Amino acid sequence: MPTYVTTPIYYVNAQPHLGHAYTTIIADTYSRFRRLSGDSVRFQTGTDEHGEKIAEAAAKAGSNPREYVDAIAALFQQTWPLLNVQPDYVIRTTDADHIKTVQRILDQVHRQGDIYFSEYAGLYCRGCERFLTDKELVEGKCPDHLVEPEPITEQNYFFRMSKYQDWLIEHIKKNPEFITPERYRNEVLAFLDEPLEDLCISRPTSRLTWGIPLPFDNRFVTYVWFDALINYLTGIGYPDGPLFADYWPVAEHVIAKDILKPHAIYWPTMLKSMGLSPFKRLHVHGYWNVDSTKMSKSLGNVIRPRELVEEYGVDTVRYFLLREMSFGLDASFSYDAILARQNADLANDLGNLFSRSLTMIGKYADQHIPPLHSELLQKSDHEVQEALQTMATTYTAEMNAFRFHRALQAVWEVIGLLNRYIVTNAPWELAKDPEQHQRLQTVLALLGGSLWHIAVVLKPIMPETAAKMAQALGMEEALATAVLRPATPLAPLPAGRGLGEVPQLFPRMEKKKKAASKTARSNQAQAAHGTKKTGPEAQHTGLLSFAQFQALDLRVAQINAAQRVKKSERLLRLSVSAPEERTVVAGIAQSYSPEELIGKKVVLVANLQPAKLMGIVSEGMVLAAKEPLEDGSERLRLLFVDSVMSPGSKIS
Ligand code: MSP
């Protein structure tokens, strides 16, 4: 099947930032996913280079528009390889074939009577490059650019957009997937409840020359949106190229909510007027803020993709962006958040699973994938096999629906399960008993096979990591040609395959020095003002006074109920009595199953300040020791107390 994926074409009045990187990584990931599913894919991005905004930016930079757009377009093109984004085609609206296509379409639509000349008086927003209706204004200002639009009276050409309003409403209603997520579909339908105005599609050359001349009146240039949207057709050779016939019917546009209206209203009506079918799907995502504030040059908080990649590596950046944002909603970027994902999800969960599994295959199976003895399969093995199947199905459905965060959650559920599988099956114990040799082989084979499946599903999201994993498993070539079809499970890893070198996938990272020294400075300041609380770190001896120890309220607590915390691989939610009932969230899910904890008595720190973990308030902490395992990882062991002790007994 063919798939055609596009990003917006970015204005060249600003340098590439996190927002551009996100949309383009999404489109790249989706393209890679469809390729992995066996499709032939065309992925297009590009730059939007005409219009007032660009002319103004060029003038401000003291440059002529042509030189200016060349320079910034080059910056965009240099960014994509850094992010491992591989478009098949990069379009620029200043390309000769694009200009020809726009003029050809204008001529056609004009000839058939859908473009007319008229005088218009309205309120014009330069930022939006369009006239705004009274209803769109908030306190007299453009809600996006926070400036009062200028009253302008002008003669211009108009596109009869209103003519297609009823058709558009019908089309959106009949095709629930046309605009997703649903909130944006509803937003468009609500907008279409009001009569649609015709669209002004020209600008007089007295006001703007940096645009495509109207083919039927050279006193005007084309309105930048009418020019820009057509890029999606130019790039595949409209009207008669073979690519066009294959790819137009399956076009999927990826955008953010800021440009919903041009894509959901102008564009389908333009296509209808041209006699073309509308695009297949429009995927609309939310906005990235930075530390919960709008990202903007004036606030100096613009995040540059190049710097992020240099600091964290390309796969961490790709993973973070896809995992952290629920597609459709806004998300907040912070260095703490990316560091947390790097250390917890990538270095700890995936990285450890990979290195401990491969180290054990190296040590106990002589660097070769051992055979799997199906007659020896136990409950925990079946659980892993079923989980892999569920992962493939869920992952495929979620990726197709652009819910990347959910697809990744499905993968991380299996990663969590496998980490627990290692602990419960303890291969290092099996290795001590020669009678358990085949069992040991089976456990190791299942681990190797699972890692192969994980590498395959991670390929569209983290291509480098997937390649490293496959290389270590001796499956490098197989990864290049792998096809994922959940109905036909992936073949198991062939036994006897020799392992390559085991690379470290993700290093654990420390908080940036800059941030650390900031904290140190603020501590000094606090101490100087006498506001810093005395705590162990303030004592030069490093020893606690008895009074300090006594401040800890340690109690015996009985676990009455335990369940996994949704969407978390590490957390269990416990209901304990000590003796009053309270909720404690504990990071022990990789070491204990909920069932085995019921009725057990543990040590509770009862006077800790409550903390919110994954939205659940945890009222205390249960104590556990870290037990080092032979493969270099750790398992947590709770401090159980004698069952005769009553809940609530003070420990001192
Ligand atoms: N040139 C038009 C698009 C024409 S498409 C036919 C344009 N360009 S833009 O440079 O302003 O890019 C807007 C797009 O950049 C958004 O729709 C989104 O894809 C991306 N983002 C820009 N800032 C963003 C965030 N802060 N967060 C997420 N994405 C954002 O509009």
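Remember, it's 1-based here, ligands and their atoms both numbered in the order they're listed. Here the structure is a predicted model, which means the values were calculated and not measured.
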Test ring pair (Phe, Tyr, Trp, His ring centres under 6.0 Å), reference Tyr22, set Phe404, Trp288, Tyr287, output is Trp288
Aromatic plane relationship, Trp225 with Tyr266 - under 30° parallel, 30 to 60° tilted, over 60° perpendicular | perpendicular
Name of the residue among Leu346, Leu339, Ile338 meeting side-chain contact (heavy atoms from CB on, under 4.5 Å) with Met509 = Leu339
Check step by step if side-chain contact (heavy atoms from CB on, under 4.5 Å) holds for Thr94 and Trp210.
-> CA-CA 10 Å; Thr94 47; Trp210 184 240; 4.0 Å; yes
Report the member of Ile259, Ile54, Asn231 with the shortest heavy-atom distance to atom 31 (O) of ligand 1.
-> Ile259
Could you check atom 16 (C) of ligand 1 against the protein and tell me its nearest heavy-atom contact, residue, atom and distance included?
-> Asp258 OD1, 3.3 Å
Nearest neighbour in protein (non-hydrogen) for atom 30 (C) of ligand 1 | Gly19 CA, 3.6 Å
Hey, which of Asp28, Thr23, Thr45 is the one that makes side-chain hydrogen bond (donor to acceptor under 3.5 Å, both in side chains) with Thr7?
-> Thr45
Pair Tyr30 and Phe402, ring centroids less than 6.0 Å apart | yes
For ligand 1, which atoms have a heavy atom of His285 less than 4.0 angstrom away?
-> 19 (O), 28 (C), 29 (N)
Do the rings of Tyr319 and Trp412 sit parallel, tilted or perpendicular, given the 30° and 60° boundaries?
-> tilted
Are His405 and Phe327 close enough that their ring centres sit under 6.0 Å apart?
-> no
Could you tell me whether Asp48 and ligand 1 have an N or O pair separated by under 3.5 Å?
-> yes
Relative to each other, are the rings of Tyr10 and Trp80 parallel, tilted or perpendicular (30° and 60° limits)?
-> tilted
Numbered in order shown, the ligand 1 atoms found under 4.0 Å of a heavy atom of His20 are 10 (O), 15 (O)
The option among Ile255, Val302, Thr23, Leu321 carrying the non-hydrogen atom nearest to atom 20 (C) of ligand 1 is Thr23
Give a yes/no on ligand 1: does Tyr287 have at least one heavy atom closer than 4.0 angstrom to it?
-> yes
Assess the pair Tyr120 and Phe158: is the distance between their ring centroids shorter than 6.0 Å?
-> yes
How far is atom 23 (N) of ligand 1 from its nearest protein heavy atom, and which residue and atom name does that atom have?
-> His17 CE1, 3.3 Å
Which of the ligand 1 atoms, numbered from 1, are nearer than 4.0 Å to a heavy atom of Trp288 = 25 (C), 26 (N), 27 (N), 28 (C)
Tell me, which protein residue and heavy-atom name are nearest atom 11 (O) of ligand 1, and how many Å apart are they?
-> Tyr11 CD1, 3.5 Å
Specify the protein heavy atom at minimum distance from atom 12 (O) of ligand 1: its residue, its atom name, and the distance to 0.1 Å.
-> Tyr10 CD2, 3.6 Å
Any idea which of Ala21, Gly51, Ala256 brings a heavy atom closest to atom 18 (C) of ligand 1?
-> Ala256
For ligand 1, is Pro262 a contact, meaning one of its heavy atoms is under 4.0 Å away?
-> no
Could you check Glu413, Gln409, Met614 and say which one makes a side-chain contact (heavy atoms from CB on, under 4.5 Å) with Ser568?
-> Met614
Taking only non-hydrogen atoms of Ala228 and a 4.0 Å limit, the atoms of ligand 1 in range are 6 (C)
Report yes if the distance between the aromatic ring centroids of His110 and Phe117 is under 6.0 Å, otherwise no.
-> no
Any Lys257 heavy atom less than 4.0 Å to ligand 1 = no
For Gly286, take its heavy atoms, then give the atoms of ligand 1 lying under 4.0 Å from any of them.
-> 28 (C)
Sub-3.5 Å N/O-N/O distance, Tyr232 and ligand 1 = no
Examine the proximity of ligand 1 to Asn289 and report which part, side chain or backbone, both or neither, has a heavy atom under 4.0 Å away.
-> neither
Centroid-centroid under 6.0 Å between Tyr4 and Phe43 rings = no
Can you tell me the protein heavy atom closest to atom 3 (C) of ligand 1 and the distance?
-> Ile9 O, 3.2 Å
Please identify which atoms of ligand 1 are closer than 4.0 Å to at least one heavy atom of Trp225.
-> 2 (C), 3 (C), 4 (C), 5 (S), 6 (C)
